[in-house]
2 protein chains.
Amino acid sequence: MVRKSKGLGDRHKKILAFLKAYQEREGYPPTIREIGEETDISSTSVVNYYLDQLEKMGKIERQRKISRGVRLANVSPLGEMLKIPVAGRIVAGEPIPVPSSDFSYFDAETSVDIARSFLPSDKNDELFALEVEGESMIDAMVNDGDIVIMKSTGAEQTKNGDMVAVWLPERDETTLKYFFKEKEGYRLQPANPTMEPIIVGKEESLEIKGKVVMVIRQVQKTVI
Amino acid sequence: MVRKSKGLGDRHKKILAFLKAYQEREGYPPTIREIGEETDISSTSVVNYYLDQLEKMGKIERQRKISRGVRLANVSPLGEMLKIPVAGRIVAGEPIPVPSSDFSYFDAETSVDIARSFLPSDKNDELFALEVEGESMIDAMVNDGDIVIMKSTGAEQTKNGDMVAVWLPERDETTLKYFFKEKEGYRLQPANPTMEPIIVGKEESLEIKGKVVMVIRQVQKTVI
DNA sequence: ATAATACTCGAACATGCGTTCTGCGTCAAG
DNA sequence: CTTGACGCAGAACGCATGTTCGAGTATTAT
């Protein structure tokens, strides 16, 4: 018996480690007895004792009375993964598909998993993904097959310098550009500095469908 | 009663969806009774009945006799997230950092989380990540700040058409290019078709540090 | 020395929860 | 019509699993 009542004891650490390992291995949390077995604690009450402490320390969360109702606290309750619905494809000559009004439900097949650690912690609903079709957005450093994660937003919330997806009805054109509001309308600046910006006059309509927050490219055996 | 014994029925789908949602929300699987409640099945035996079917179909895996012993079959039991060590930065004028010999251990702070669903299911060790510094790799559609996920590999396993990170000692140059072995040496082709390839002669040394499998760009308020 | 606190154990208890059995209605094939 | 497979309900059963209690042993403070 060395330590007393300060910080994490040896058993605390062992329990935490086991909780994590078990969850990852089995897909669900262990029972109190399983924890005891693994950490050489022969009594379920002792395990319960430590579990209580860990809960007080904020290390874990417990659902009382229900079996296997333990989970690590730091992993967000919704899982570390965020499922983002893929609304469709983004093509140069077609309007941008926007997710259906029912934003919360979507099929598992048409979604991508993104680690929460990548995304700003605030509103993570409003996100949707598009698959890029064609090479028309190379100037935005986005290629055919890339997946762009977008945050649903209108023209009002868009700030200068944001990269946005815009639909120009009068030109039948969809494009990804840096957005700048100017006196005489809007300037849509390609990411590639050597290319000329698109100037959209005040009278021309322009629909901002979303702000690009992330681009993902899977490089498979891309034979040129 | 419409359907008979073919494919996924309405209840199968509902159960599957609930399993997934519950697991993501609570961090552990539901009980049979909870499933029944959610899917409007009033008897636990019926839920069990469907669970058995789903198991036969290979949609779920069950651990008999233990509570909450159900999990989706497709989600990898080792966790859906893969932690990939960030070995360092990749700069045009410097050699590529390679992960230390101890490939398996690394700090949490210097790693990125990638959903397994993005990566080829086979060998997922050997992966490491680099942060791109500078704009020298724009021709590879990779910009300053991007994160490239690489698979550690040598020249032997590299196939034509792979995008690789190479270090050219004689030129003090690091670059990302599509790789082609040719009679007279190697051709390193930029992703941008308008740019000229680099030809590396047989006598010149060339070190392939890895194959690019994924590129991730987080678009924050990038003010041009 | 005595008391208080932290830690441990084992066992009993109460319920959570998977399993199994009986029975009922529907529908298609013989 | 009978038979059997299928979908369903409800209840009983029994093991799995969280909770609680009484008690014992250190370690530290008074």
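Below, read A as the first sequence line, B as the second, and so on, with proteins coming before strands; counting in each chain starts at 1. Since this is a predicted model, take the numbers as computed values, not measurements.
A:N48 has a side-chain polar atom (N or O) that falls below the 4.0 Å cut-off from OP1 or OP2 of D:dT19. In this model, the phosphate group of D:dG18 is not approached by any side-chain N or O of A:R64 to a distance below 4.0 Å at OP1 or OP2. Side-chain nitrogen and oxygen atoms of A:R62 include at least one within less than 4.0 Å of the OP1 or OP2 phosphate oxygen of D:dT19.
Using a 4.0 Å heavy-atom criterion, one finds that A:Q53 contacts the sugar-phosphate atoms exclusively.
For the pair B:I32 CD1 and C:dT20 C1', the interatomic distance rounds to 11 Å; values are reported in whole Å. Look at CD on A:E55: it is 13 Å from C1' on D:dG18, rounded to the nearest Å. Nucleotide C:dG18 holds its P atom 16 Å from the CZ atom of B:R71, rounded to whole Å. We find that CG of B:L51 is positioned 15 Å from P of C:dC17, with the value rounded to whole Å. Counting to the nearest Å, the C1' atom of C:dA14 and the CD1 atom of A:I66 are 16 Å from each other. Distance, A:E34 CD to D:dG18 P: 8 Å, rounded to whole Å. Atom OH in A:Y49 sits about 12 Å away from atom P in C:dT5, given to the nearest Å. Rounded to an integer number of Å, the gap from NZ of B:K65 to P of C:dT19 is 6 Å.
By the side chain to side chain donor-acceptor pair (under 3.5 Å) test, B:E131 pairs with no residue at all, sequence neighbours left out. With sequence neighbours excluded, the residues satisfying ring pair (Phe, Tyr, Trp, His ring centres under 6.0 Å) with B:Y22 are B:F18. Applying the side chain to side chain donor-acceptor pair (under 3.5 Å) criterion to A:E170, with sequence neighbours excluded, gives A:S205. Looking at residues two or more places apart in sequence or on another chain, you find a side chain to side chain donor-acceptor pair (under 3.5 Å) between A:E55 and A:R64.
Listed candidates were D:dG7, C:dG18, D:dG18. Nearest to the side chain of B:R33 is C:dG18. Picking from C:dC9, C:dC17, D:dA9 the nucleotide with the shortest atom distance to the side chain of A:S67 gives C:dC17.
Once rounded to the nearest 0.5 Å, the distance linking NZ of A:K20 with CZ of A:R71 reads 16.0 Å. Interatomic distance, A:L168 CG to A:T175 OG1, rounded to the nearest 0.5 Å: 7.5 Å.
Near-neighbour residues of DNA chain C inside residues 37-46 of chain B, defined by a heavy atom below 4.0 Å, number-ordered: B:T44, B:S45.
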Which atom pairs, donor and acceptor, lie under 3.5 Å between side-chain atoms of residues 143-150 of chain A and protein residues at least two apart or in another chain?
from	atom 1	to	atom 2	distance (Å)
A:D144	OD1	A:G134	N	2.5
A:D146	OD2	A:N143	N	2.9
A:D146	OD2	A:R217	NH1	2.6

